[in-house]
Amino acid sequence: MAKKVLRELRLNRDWCKGCGICVSFCPKNVLELDSKDKVVAVRPEDCICCMLCELRCPDLAIEVLTDQESDNE
Amino acid sequence: MAKKVLRELRLNRDWCKGCGICVSFCPKNVLELDSKDKVVAVRPEDCICCMLCELRCPDLAIEVLTDQESDNE
Amino acid sequence: MSRVRLVFTGSGGQGVITAAIILAEAAVIHEGMNATQSQSYGAAARGGSTRSDIIISDKEIDFPEVTQPNVLVCLTQESYNSYSSIIRPGGILLTDSRYVQITRKVDAKQIQLAMYEKVMEIIGKPVVFNICVLGALISITEVVKPKAVLAAIVSKVPKDFIELNTQAFELGMELGADFSW
Amino acid sequence: MSRVRLVFTGSGGQGVITAAIILAEAAVIHEGMNATQSQSYGAAARGGSTRSDIIISDKEIDFPEVTQPNVLVCLTQESYNSYSSIIRPGGILLTDSRYVQITRKVDAKQIQLAMYEKVMEIIGKPVVFNICVLGALISITEVVKPKAVLAAIVSKVPKDFIELNTQAFELGMELGADFSW
Amino acid sequence: MSDNIRFIQGNEACVEGALYAGVEFFAGYPITPSTEIAERLSQRLPENGGKFIQMEDEIASMCAIIGASLTGRKVMTATSGPGFSLKQEAIGYACMTEIPCVIVNVMRGGPSTGNPTHVSQGDINQARWGTHGDHNIIALTASNHQDIFSITVDAFNFAETYRTPVILLLDEAVGHLREKLIIPEAGELPIVDRLRTSLGKGVDYHPYLPREDGRLPMSDFGGEHRYNVTGLFHDMWGFPSNNPKVVNELLRHLVDKIDNNIESITRYKEHFLDDAEYVFVSYGSAARSAIHLAKTRRARGEKIGVLELQSIWPFPKELVREKCADAKAVLVVEMNMGQVLAQVKAAVRKPGRVFLANRIDGKLITPSDIKKLLRVIQGRGV
Amino acid sequence: MSDNIRFIQGNEACVEGALYAGVEFFAGYPITPSTEIAERLSQRLPENGGKFIQMEDEIASMCAIIGASLTGRKVMTATSGPGFSLKQEAIGYACMTEIPCVIVNVMRGGPSTGNPTHVSQGDINQARWGTHGDHNIIALTASNHQDIFSITVDAFNFAETYRTPVILLLDEAVGHLREKLIIPEAGELPIVDRLRTSLGKGVDYHPYLPREDGRLPMSDFGGEHRYNVTGLFHDMWGFPSNNPKVVNELLRHLVDKIDNNIESITRYKEHFLDDAEYVFVSYGSAARSAIHLAKTRRARGEKIGVLELQSIWPFPKELVREKCADAKAVLVVEMNMGQVLAQVKAAVRKPGRVFLANRIDGKLITPSDIKKLLRVIQGRGV
Amino acid sequence: MAVKDYLRERFFPHMWCPGCGHGTILNSLIRAVEELDLNKNEIVMTSGIGCSARISGYVDFHSLHTLHGRALTFATGVKLSRPHLKVLVPMGDGDALAIGGNHFIHAARRNIDITAIVMNNRIYGMTGGQFSPLSGPGVKATTAPFLTIDSSFDVVELAKAAGATFVARSTAYHAKEATGYLKKAIMHKGFSVVEILSQCPTHYGRKNKEGDAVSMLELHKTNTAPLGSKALKENPSLTPRGIFVDVERPEYCSEYDKIIDYAMKEAR
Amino acid sequence: MAVKDYLRERFFPHMWCPGCGHGTILNSLIRAVEELDLNKNEIVMTSGIGCSARISGYVDFHSLHTLHGRALTFATGVKLSRPHLKVLVPMGDGDALAIGGNHFIHAARRNIDITAIVMNNRIYGMTGGQFSPLSGPGVKATTAPFLTIDSSFDVVELAKAAGATFVARSTAYHAKEATGYLKKAIMHKGFSVVEILSQCPTHYGRKNKEGDAVSMLELHKTNTAPLGSKALKENPSLTPRGIFVDVERPEYCSEYDKIIDYAMKEAR
Ligand SMILES: Cc1ncc(C[n+]2csc(CCOP(=O)(O)OP(=O)(O)O)c2C)c(N)n1
Ligand SMILES: Cc1ncc(C[n+]2csc(CCOP(=O)(O)OP(=O)(O)O)c2C)c(N)n1
Ligand code: SF4
Ligand code: SF4
Ligand code: SF4
Ligand code: SF4
Ligand code: SF4
Ligand code: SF4
Ligand SMILES: [Mg+2]
Ligand SMILES: [Mg+2]
């Protein structure tokens, strides 16, 4: 089965309003708000590409770009 | 038990519009419409005081006046 | 005759308005005249008395109401009582003898016919009473040609009823035949 | 001073309007002056920039808008950019150094204070930032007596928050103490 | 005996006119005395491939026709007094969004439930001012079936030309009257079709950017151009704006597009006006009585003429001023408390010579009602 | 520092006035910029034993207050543009049934959804003609909080005196402005209470039979007199009638009861009118700018005065004619396309000397806007 | 008091057509009021516009003949300002559920103590026979020359879903049953709905070949069955009659009185 | 097409407050449309007035921003005249069920093929925090300083009773689930309703001490449970999520097409 691998967490700072939803509900604590209350990815390496941040962001400020990794086991 | 006995079938010809409802649904065929399409009691003696004609008349043109007859059996 | 003014009166279920429409339509569609037909509306279609005004003319008709009819038809006592006085002197007042008892003196030719009775006797269907009245009226006044009225009837009435209505119309024509304007 | 015109500007959440109301209310209720306070309404209460106009006078105030303020407060860069030009020559322009970078030359006394920073440092609650600004403004301009403003604060603010607001107001007073009109 | 002669009610004449003009969609809610319009169309529309829907109320009906119009249909609704009041909010929406539609109001006695089965002309000012805010409107009327037919065609044409709701103000007396109508041949009356943008796919279309000639080409919803429509003040793309300049310009546009075309919009008929000493200004069924009186008095040598208005809004002020200029007296004949009277007074040079001949009791005003007032004015007694 | 001084919004001043006048029942539906009226009353009414209800829409709100009024309550609703349009049918019902009620319309930019958070005075004519059919109405306005308070009291008093809906036309600018209000002592302003019939049980009460003085005493629903209320034309018992005489008399009564009392109803203020060469006629927030300009120009010796209208309908024609009689020019200052302008032109002897100083872009008209036009009229250039 | 004491006899014979079911509903209603021995001064009847709505002119209560579809909103104003009054609101099917549908569901939601009576003849009688939201599909009407395609509401289901706390259905044929339900509805504290199937021989009957009033009443009999009856189980296409909901829930006016008590205390 | 191709990016950042659930619903909706790979030219979005209604400005469909409460009536006009178009109608809770309640039940009754999305934040957001018919009792609002006494509608029950043929409920928290329901609703032939619980931190959250958007989302999670779940059985006070109705019934526009076919034949 193909597994998704993170290519990029594309965070649109112009659109982000700092509500913190993505931060709170990221299962891996990948995201945080910076001092200007904008989203930043602090632990992108932990991202499991669950897409929940992208789906829930009320400001459509997140795109989780992934690659398919073939599962070569 | 007291049983109702007919005192008078009071038929208001001014109000009756001749719809025939009372006539059709009287269980004892007591009522009829005359040539001017107004209700008349043709067999008052058969009336069992069920009140249905009074209750159903859309023109409130019927009053079934009754006396209580004590049941002396 | 350049302009005839008619008023038909009666009660809700008698088909007074239909008769009026057929007459006026006959004049317009089948005789190339002008005509107007108007009626008083009560609170919806419920019983009560009805009046319809018809004007037939070869000129344009502006004011469509009839104040003094040349021809007045009264099919109930109530309507006779209220309207008989408006007839134009010398006009024709047609009534049905079952429904109306003539009481007043009016400066007009009063014609009483047993139209309802005859309809019931000969045709047996009260619904065509109005068409019989129309037949009588036409034979008395000839405001419109009988053929035109028949054509209007044919175009208005459901197929299955044309026969019945024609019969009623002709019955009326006969009843009215003895009178003329 | 018979008439002072003030304009407070900033962004939705900064409490600019509350500060404006408190100031005007202090003038009316606690100093017996006349005052008007008006504001621009956006499409409801959502973010965006806010402006409130205040006029304080001992006479009747007819036209309630301020075209050229004697005193202008800008709490965001955006509002500074849009409004700094409207200040009346010789007026006072108060900004917060965290939010606003002074760039323009205006014919007015520009006063930059680190109000937000101090509020966070000393009180730690950003909600009372607006009251601190008000304190600074009062100590700079004395358009209304500090006592009156404090009284207005007490009457407006929930009991539990009076202490906090008083503290913020006094902090503002201190910060503004070095400047005067 | 020809195929195109009808003997029908005024309401039906309106339906025939609408079909001739190309109506494709009707939404309505029954109400006396306009119901026959809905009833006829429930039959005639599907027969012609069009759509009829009976909605849950008048508000819904008005909104539904606006939605349908946006998809490129010619649309219409019909109602009377209470329903016309209910439609006002959505009529304002059609004004603001410039969506073509025709609203028939067959007037009955008001206010409120009033006198539903009797004639009145009491909604004249409501047609102009019934919705909130400044705006402009076209309102037409007619007094006989032939004119009802053609004014209905005009109504659709104006709606398309000016992208505006057009109100057709009939009244109970003509609406219910039966008389002759001769249906014109196809092509006999001009039909204005929807002006659609010629811009193709991919080219930026501006739904609210007027052309040189002031007209705004439309693009059907469902077509290649996706744009926005809103009842808020909006820019040339149709997106909300409260920029004062945008607001100012849009409002003036809405008012001017009609006022500036008053000459093309004005519809009237004159009867014996040339040398008339007394001018009746009238419209709708009241005009029939005015004309009747004028004809009979003319026959006796009295110089009476009738100016019959068929467009009420925008009020043809210049026309009225001109036609009444030489009159000794002007009688406004209408069935309300003087709604057109006020317009005529404002239009003429000598308002003191303008009088009201009215009747407000649910009866059609008669020639003799008018004659009585005329005699008083002429100082001849009643 | 006194207990009866408030620093509040105009909408709240209206609430305070209503409470002073004795309002007991409010039904409403939120809408900008009138919502604060509902919000305040949701608190203040139950505190005073009154009732507040938020209905499902504006129609329901208007109907609910009519029902409540019939039970003997002083009632009120508040809304803005779109909601005012929706209420029109029921406002006509209140006219027809002569049920006292107060309707506040805090005007915003229109037509349609328009410019909800910005000022306008575009609903002037709608207040008069928004509902179908002939009728009459009282409409009041004010430009500052003290006047809003007292005109609100007047509104309730007129509603009771004339048994009629009264429209209070505020505008966004005064509605949202905060300024001082001094609440009058109880008794300081006169309060008209409901005139109830003195007829006792068993005596025939005629709900629609005017007394000698033209007033119609009421009887509360729930009381001893059971009668009928209908929006149809009705006789003196309140039962439906389409008898032409009954129809005619009732409609004239509805119109006359207000027109005949225009002097008692007229409310206005004058500012420096005595020797004014230029007269500004204005109202609501626009009047503040007119007064401002007049004051500043007076200080420089220009003879400018302001006639501030507080009653718009019935339009105080005589008053306007008189006050403008000696003016070189009259400027109507308003925030619409000239709705009061048309009335002023119809009122004065020289309509050619009446000009419009308006602004329709959502911004409060400024003293300098007016000054510019004044300079043009004076031929002094801008 | 005699039944007729609840009538305004001077307006009789009434304006309804011969055989109109609305007359029977009036009959049932005044009997219910009479049997409950209510004080006429404490009853307010509010109606909208329609043939049905004319009922308010015939009863000797406080009567308010209002606007098409709005009867319940006027009634809400009356009831909330004088909660001790009994408020009866008879409505036509169009009145209650076409233009008036929103007020119907909102009054139910609030559970305000008003009795709504839906006089359901499945047609717009007053305006001459257009279909209504209760006509259902396949019906001929002046605005449906090709038969209706609109589904109908189930008044009982709708009232229930909206929150009515008493809901019953009967017919003009079952006049005695209807009277009983009306009595219960009137005494119920909260929003009560009684749908009574009525007949319009003039428009519905004639157009749909259902014949005269008598044969239409026959249909009330044969097309309905009591809730829980065997007939209903065997033939689910029958329309059920009976009491469908009878529950308690806080009533609006009582709840508001609590608000007043609280607010007045707070304000002091 | 990419998700963003369905947006009008030039209006971003949008006008909704930080954390407003309406944004998430927009997010779910365009994803549903994207996953269905619909043609933008064949989608019409009609909305009323409210914060929610502003959604129509952000999508690159044909968009019609109408009057408060009336979106479904405009939509009915659009759909009936061009049945091939997909018509999406997002509405606020007040928009859909206060002023718009009647149109809601009638559109459901007709089973016209429109997708109604109720963006339910239980408050009037746009006008600043008045209670709505979905607030329910005990809620603080600017017009309920002493807490609401009004019961709320159950949107699912009401839609069902009125005749909707697809009815589902989800929340802004369950964005993935919501997207799935939206897809089904859009593809359903007939009137479909998807209620999505939204959050208004600015008015509802603040007044009712529900905290910020994050904690309001927590409530979506803890106060709801899937239909048929154990959690729901154990705690019936939870709000059920899921698909409640998914049935077939003749669709209005298709039925009307039959009328046209018949009438055109007859007329010839
Ligand atoms: C606002 C408004 N719209 C329409 C009407 C016209 N109208 C009067 S009664 C009625 C419907 C009557 O049907 P229903 O409510 O079922 O009562 P019924 O006459 O059948 O008893 C209509 C549409 C009206 N009076 N007011
Ligand atoms: C006819 C009308 N009445 C009232 C309003 C004011 N209004 C605008 S939006 C709204 C309610 C908004 O609440 P909701 O529908 O729940 O949407 P939300 O803002 O919460 O998304 C109201 C009452 C209006 N615009 N038009
Ligand atoms: S959910 Fe979106 S708006 Fe909120 S903080 Fe995260 S990126 Fe920003
Ligand atoms: S995709 Fe999932 S794991 Fe990755 S940042 Fe978003 S929420 Fe966290
Ligand atoms: S039911 Fe009544 S109206 Fe009908 S025939 Fe019998 S008495 Fe007459
Ligand atoms: S009471 Fe019963 S039996 Fe007697 S006449 Fe009436 S229906 Fe017939
Ligand atoms: S038209 Fe129908 S509903 Fe109306 S009175 Fe006649 S039978 Fe009854
Ligand atoms: S006010 Fe509420 S509903 Fe409106 S945008 Fe803000 S959070 Fe969303
Ligand atoms: Mg009905
Ligand atoms: Mg909401």
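These numbers come from a predicted model, not from an experiment. Proteins get letters first, then strands, A, B, ... in listed order; numbering begins at 1 in each.
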To check you understand the geometry: which heavy-atom pair defines the closest contact between K51(F) and L80(G), and what is its length? NZ-O, 2.8 Å
With respect to chain G, which residue among V75(F), L45(F), I59(F), T97(F) yields the maximal number of heavy-atom pairs within a distance under 4.5 Å? I59(F)
Would you check if the side chain of R73(F) reaches a backbone N or O of S81(G) as a donor-acceptor pair within less than 3.5 Å? yes
Taking every non-hydrogen atom, the tightest pair across N228(F) and S56(G): OD1-O, 4.1 Å
Proximity breakdown for E24(F) and chain G, heavy-atom pairs closer than 4.5 Å: neither
Note: vs chain F, highest number of non-hydrogen pairs under 4.5 angstrom among T66(G), I43(G), V44(G) is T66(G)
Best-contacting candidate, L70(F), I66(F), I53(F), against chain G by heavy atom pairs under 4.5 angstrom: I53(F)
Does E89(F) reach the side chain of R70(G), with side-chain heavy atoms less than 4.5 Å apart? yes
Among M264(G), K86(G), H103(G), R82(G), the residue with the most heavy-atom pairs under 4.5 Å to chain F is R82(G)
With only heavy atoms counted, which part of Y262(G) is less than 4.5 Å from chain F, the side chain, the backbone, both or neither? neither
Output for pair (F52(F) CZ, I259(G) CD1), nearest 0.5 Å, gives 11.0 Å
Atom group of D220(F) that falls short of 4.5 Å from chain G, counting heavy atoms: both
Less than 4.5 Å to any heavy atom of chain G: does that hold for the side chain of A27(F), its backbone, both, or neither? neither
Atom CG of N41(G) and atom NZ of K201(F): how far apart are they, to the nearest 0.5 Å? 7.0 Å
Chain F contact via F61(G) - which portion, at a heavy-atom distance below 4.5 Å: backbone
A side-chain contact here means heavy atoms from C-beta on lying under 4.5 Å apart; do P240(F) and M15(G) qualify? no
Nearest 0.5 Å, please: how far is OG1 in T73(G) from CD in E56(F)? 7.0 Å
So with a 6.0 Å cut-off around CD of E35(G), is the heavy-atom count from everything else above 12? yes
Answer whether the closest heavy-atom distance between the side chains of E266(G) and E47(F) falls below 4.5 Å. no
Does any heavy atom of chain F fall under 4.5 Å from the side chain of R268(G), the backbone, both, or neither of them? neither
Between E42(G), K265(G), H84(G), K40(G), who has the most heavy-atom pairs with chain F when the cutoff is under 4.5 Å? K40(G)
Say you draw a straight line from NE2 of H106(G) to CD of Q54(F); how long is it, rounded to the nearest 0.5 Å? 10.5 Å
Between the side chain of H62(G) and the main-chain N/O of G223(F), is any donor-acceptor distance below 3.5 Å? yes
Looking only at heavy atoms, the pair that brings F239(F) and G57(G) closest together is CE2-O, 3.8 Å
Answer yes or no: is there a side-chain heavy-atom contact under 4.5 Å between R8(G) and W237(F)? no
Per-residue contact mode, D257(G) against chain F (heavy atom under 4.5 angstrom): side chain
To the nearest 0.5 Å, how far apart are CZ in F221(F) and CG in L64(G)? 5.0 Å
Residues, nucleotides or ligands: over 12 heavy atoms within 6.0 Å of K184(G) NZ: no
When every non-hydrogen atom of G67(F) is compared with those of V78(G), the smallest separation belongs to O-CG2, 3.5 Å
Separation between NZ of K79(G) and OG1 of T71(F), rounded to the nearest 0.5 Å: 12.0 Å
Part of R110(G) lying under 4.5 Å from any heavy atom of chain F: side chain
